[in-house]
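Notes to accompany the following structure.
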Amino acid sequence: DAGVTQSPTHLIKTRGQQVTLRCSPKSGHDTVSWYQQALGQGPQFIFQYYEEEERQRGNFPDRFSGHQFPNYSSELNVNALLLGDSALYLCASSRDRGDYGYTFGSGTRLTVV
Amino acid sequence: KNQVEQSPQSLIILEGKNCTLQCNYTVSPFSNLRWYKQDTGRGPVSLTIMTFSENTKSNGRYTATLDADTKQSSLHITASQLSDSASYICVVSAKVDSSYKLIFGSGTRLLVRP
């Protein structure tokens, strides 16, 4: 039974570029949440997707957008990258927007140069 | 404002020693409190989850306590091992409409030395 899968594991981008990160939820889960974690800090909530719609959003600019597909997988897109976007991006999945069985992926390390 | 504060920020202990990490929260409405272990560059892994009515929960050498009246929690690690070196994050879940919102602390970075 696969857990939460994220790709790629590492990524280097240049300022101003755009990036897409991908997440496949744990089997049986239909809700995907995305987090940004700067070095030495706790994860910060970006947004949550359920039934292919954004349901909750944290305090992040519109440069951060997402999508959820019919198979429950999700993408996080960041436009016009800034140096400050360098972080570990975590995806977590759960069922029915609940918090039971909340499972994190191993993350994508994004470095903006 | 919903907040989770952890102390200390970092801790160094010798292998085999015990330690206790602290978590204070102001989160409403409270659903549950979790402790996660996060190895460097990896995703958090759940250690314990406690609801309002639970005072203590153990997972091997990890024991978490919860005092819902004072809104405090602790994570006690017994007979530490080198593999315990990681960040430990306290997370409080709040029920928001028909969903939940997880509020994260900044974590305690634990280093276990031989």
Non-hydrogen atoms of chain B under 4.5 Å away: do they reach the side chain of [X], the backbone, both or neither?
X       : answer
A/Gln6  : neither
A/Gln44 : neither
A/Gln41 : both

Distance alone, cut at 3.5 Å: any donor-acceptor contact between the side chains of [X] and [Y]?
X        : Y       : value
A/Tyr102 : A/Ser33 : yes
B/Asn59  : B/Thr48 : no
B/Thr65  : B/Ser74 : yes

Salt bridge (charged side-chain N to carboxylate O under 4.0 Å, His left out) partners for A/Arg109, two or more places apart: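 With neighbours one apart ignored, the set is empty.
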
Salt bridge (charged side-chain N to carboxylate O under 4.0 Å, His left out) partners for B/Lys57, two or more places apart: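 Per chain and number, B/Lys57 pairs via salt bridge (charged side-chain N to carboxylate O under 4.0 Å, His left out) with B/Glu54.
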
Pair B/Arg61 + B/Asp84: basic N to acidic O under 4.0 Å: yes

Selection from A/Gly42, A/Pro43, A/Cys91, A/Gly105 maximising heavy-atom pairs under 4.5 Å formed with chain B: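 Ranked by heavy-atom pairs under 4.5 Å with chain B, first place is A/Pro43.
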
Proximal to chain A - members of residues 14-45 of chain B, heavy-atom separation under 4.5 Å: B/Ser31, B/Asn32, B/Arg34, B/Tyr36, B/Gln38, B/Gly41, B/Arg42, B/Gly43, B/Pro44

Selection residues 103-114 of chain B - residue pairs positive for side-chain hydrogen bond (donor to acceptor under 3.5 Å, both in side chains), sequence neighbours left out: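 Pairs touching residues 103-114 of chain B that pass the test: none.
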
Plane angle bin for A/Tyr35 and A/Phe104 - parallel if under 30°, tilted between 30 and 60°, otherwise perpendicular: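 It falls in the tilted class, 30° to 60°.
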
